[in-house]
Number of protein chains: 2
Amino acid sequence: MKGIRQLADHLDISIGTVSRALNGKADVNPQTRQRVLEAAEKLGYVANQSGRSLRKGSTGVIGFMMQTGPEITGQGDSFFMSVFDGVQTVLARHDLDLVALLCSSSEDPDAYLQRTVARGFADAIILSATRRNDARFELLDRHKIPFISLGRSLTDVGQPWIDLDFEGMAEIAMERLVLAGHKDIGVIWPHGDLNLGHLFVERCRSVLGTHGIRLREENIFRGKPSEAGGYAVAKEIAARPSRPSAIALVNETLVTGLYKGLEEAGITPGKDIAIVGRHSPHTQFLSPTLTGFNLSLHDLGIALAETLLSEMPAYRQAYEGLRRRVWPMMLIEGASG
Amino acid sequence: MKGIRQLADHLDISIGTVSRALNGKADVNPQTRQRVLEAAEKLGYVANQSGRSLRKGSTGVIGFMMQTGPEITGQGDSFFMSVFDGVQTVLARHDLDLVALLCSSSEDPDAYLQRTVARGFADAIILSATRRNDARFELLDRHKIPFISLGRSLTDVGQPWIDLDFEGMAEIAMERLVLAGHKDIGVIWPHGDLNLGHLFVERCRSVLGTHGIRLREENIFRGKPSEAGGYAVAKEIAARPSRPSAIALVNETLVTGLYKGLEEAGITPGKDIAIVGRHSPHTQFLSPTLTGFNLSLHDLGIALAETLLSEMPAYRQAYEGLRRRVWPMMLIEGASG
DNA sequence: ATAGTTTCCGTAAACGTTTACGGTCGTTGC
DNA sequence: GCAACGACCGTAAACGTTTACGGAAACTAT
């Protein structure tokens, strides 16, 4: 089935009527509509995307931009897949489709996004892996395309965002460790210019300050957001003449490697060093069990979708959610700290 | 910058010339082309996707279909993101864009694909998570849209595929275990109707057969493709009055949970039970170290892209790769088996 | 100078939809 | 019996591109 023309000819009806029937417009005889729908179903006709969006000026596609490569900045892909599933439960109600806009590791994210939105590929966009200063915000703002971000940035154009509560994690982690008597506390700052690292470390610093404890510069460990990154940090810690008695981190991909590196150095989490980290499907089986933060990825996805829709004129009235919010994290107590 | 019309007016040139200049056609004065390119760059003009693909009949988009949800069928974390990165290195050379077509866990994959291809969303498609009998193959074949699959299926319409060498893994794993003296060998069959499970288990059965060993039905463990799935299998194994002395599996997401479950039961891999599995970024830090198979995901991505291009008339001549091949796996020897 | 050739560019049609507009009926109200 | 109206449908324009076609210059060769 090539196009609406064939379908119309086949039914001996004009294409206008066919289109109206398929799109649920009022001006069409119920009986005719029925015939059209059945024929479309039988012949497998679906309106061509290009023709449709050219005429309508919108595509019905929501893009979620993410970067590909072996090191997913900040998250693993089961993270995103779960979030996507949540997003889709909401979008499906409006016949909107979610696609992942994949920016290769060898392409500049700003240029990629520029290209993609200028082409008019998606009606709205969700950004992730937000950097400290992120030109993408201004770009989307200039193009007046509805968007939100999973993550904050210093660059602020007034768009809504949802972000994990990195400051909250910092506070709870630091308070907990201080309460347990730790005075020499280290933190892991994921490599790169992701905003979350700044948020977490700065809050750790200030919370410790209120307890009269200084976060020493050499206790801020830089680690690539990967298992190997965690391993490297562990080795670095182990090599120190005097090491911190506790470590806090917010990137779940680091945890496994960190555990392993420490273990190899004879350092046992929870005994020789306290660890407060992030949970993920992979961390639930660590030993000693991890004390760390968790969240519902599915619910996060739902919230993202609702917030995005509230930015889109066509759907705004149905969704008047919070425009900006920090996503609550649950602390799961384990043996590690 | 709205459209080519504005750009043309701004330059006082016809839209035809502008289009030719931008698309690198021959019939245009180098100087004019230069002016057009500069103006487009300055004004941020990029051809509208819908208009372009409506006229050209192709979109310049390659779709990689995958299912969302907490349980990525068959593969773990950064698997896809690494593969994508490889695919993109090839596609970028032809100005083709890769997007992930995300099928929600609550939508039927066949219906989703039907809808997506009928809309003419992508020029070509890569399928993953292939089922034992997969209607998607026939669907794409009917629509005459170029596609390949990462994974085989009993359903065969003659399209190229690349698949991990599950039979090869079965052979090496079984031979290795038999050589080590194991007579009571178990295998883990990932839940669901994924074809890879069949391939692996059947080959294990036949290899063992050549050694006069029978793969007992109760030694075929069914596990969800997730960490929790591996954990559940471990518990099942531990509860057995007499358990197999070795376990082989091909799903890397199961490994972590399997280790943990065994450990809790006082069963040490490599000592009390031999394990041959799959490596991933997460498994490199297991203890005892895992004996398992690994592969270059980036190279796999490159191969996928090249094979797909060889299916597309416009690019065929440049890529005459193998149409169907099994992807070689490297055994990394560890202490587990 | 003329004819032929090349280089460049403008014109207009086409891609497949959606939708504003208007027209044709049959029905209703008086 | 006539006007008004509503229900339904066909027509055609528009969306933003690309590209076949043809034409106008500017060269080249005779």
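Keep in mind it's a predicted model, so treat the numbers as computed, not measured. Residue numbers begin at 1 in each chain, while the letters A, B, ... track the order of the sequences.
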Checklist entry - Rounded to the nearest Å, what distance is computed from the CZ atom of residue F121(A) to the C1' atom of nucleotide dT17(D)? => result 16 Å
Checklist entry - Nearest to the side chain of V28(A) - dC9(D), dT19(C), dT18(D)? => result dC9(D)
Checklist entry - Does a nitrogen or oxygen in the side chain of N23(B) sit under 4.0 Å from OP1 or OP2 of dT18(D)? => result yes
Checklist entry - Without hydrogens or angle criteria, can the side chains of S14(B) and T17(B) be said to hold a donor-acceptor pair below 3.5 Å? => result yes
Checklist entry - Nearest of dT17(C), dG16(D), dT18(D) to any side-chain atom of A47(B)? => result dT18(D)
Checklist entry - With a 3.5 Å cut-off and no angle check, do the side chains of N23(A) and R52(A) form a donor-acceptor pair? => result yes
Item to check | Upstream residue (5' side of DNA chain D) when R20(B) and R33(A) are each assigned their closest nucleotide | outcome: R33(A)
Next on the checklist: Would you say S50(B) places a side-chain N or O within less than 4.0 Å of OP1 or OP2 belonging to dG16(D)?
Outcome noted: no
Item to check | Nucleotide nearest K56(B) when distance is taken to its side chain, options dT19(D), dT17(C), dC9(D) | outcome: dT19(D)
Checklist entry - Rounding to a whole Å, what distance do you find between R5(A):CZ and dC15(C):P? => result 11 Å
Checklist entry - Do Q159(B) and S149(B) have a side chain donor and acceptor closer than 3.5 Å? => result yes
Checklist entry - Side chains of D134(A) and T155(A): donor-acceptor distance under 3.5 Å anywhere? => result no
Checklist entry - Between dC15(D), dG10(D), dC15(C), which nucleotide has the shortest distance from any of its atoms to the side chain of R55(A)? => result dC15(D)
Checklist entry - CG of L22(A) versus P of dT17(C): gap in Å, rounded? => result 10 Å
Next on the checklist: Regarding D27(A), tell me which of base, sugar-phosphate or nothing describes its non-hydrogen contacts under 4.0 Å with the strands shown.
Outcome noted: base
Checklist entry - Hey, is the side chain of T17(B) poking within less than 4.0 Å of OP1 or OP2 on dC9(C), counting only N and O atoms? => result no
Checklist entry - G57(B) near the nucleic acid: base, sugar-phosphate alone, or nothing, with a heavy-atom cut-off under 4.0 Å? => result nothing
Next on the checklist: dT18(D), OP1 or OP2 - any side-chain N/O from K25(B) closer than 4.0 Å?
Outcome noted: no
Checklist entry - In whole angstrom, what separates I13(A)'s CD1 from dT17(C)'s C1'? => result 17 Å
Checklist entry - Whole Å only: how far is the CG atom of N48(A) from the P atom of dC15(D)? => result 18 Å
Checklist entry - dG10(D) P sits how many Å from N29(A) CG, rounded? => result 11 Å
Checklist entry - What nucleotide among dC8(D), dT19(C), dT17(D) has an atom nearest to a side-chain atom of Y45(B)? => result dT17(D)
Next on the checklist: Under the side-chain hydrogen bond (donor to acceptor under 3.5 Å, both in side chains) test against R131(B), which residue among N195(B), D110(B), D193(B) passes?
Outcome noted: D110(B)
Checklist outcome for this item: Q49(B) atom CD is separated from dC15(D) atom C1', nearest whole Å, by 15 Å
Next on the checklist: Between T32(B) and dC9(C), is there a contact of a side-chain N or O with OP1 or OP2 at under 4.0 Å?
Outcome noted: yes
Next on the checklist: Does dG16(C) have its OP1 or OP2 closer than 4.0 Å to a side-chain nitrogen or oxygen of R52(A)?
Outcome noted: no
Checklist entry - Do the side-chain N and O atoms of Q88(B) and T68(A) include a donor-acceptor pair separated by under 3.5 angstrom? => result yes
Checklist outcome for this item: Whole-Å distance, I15(A) CD1 to dA14(D) P, equals 15 Å
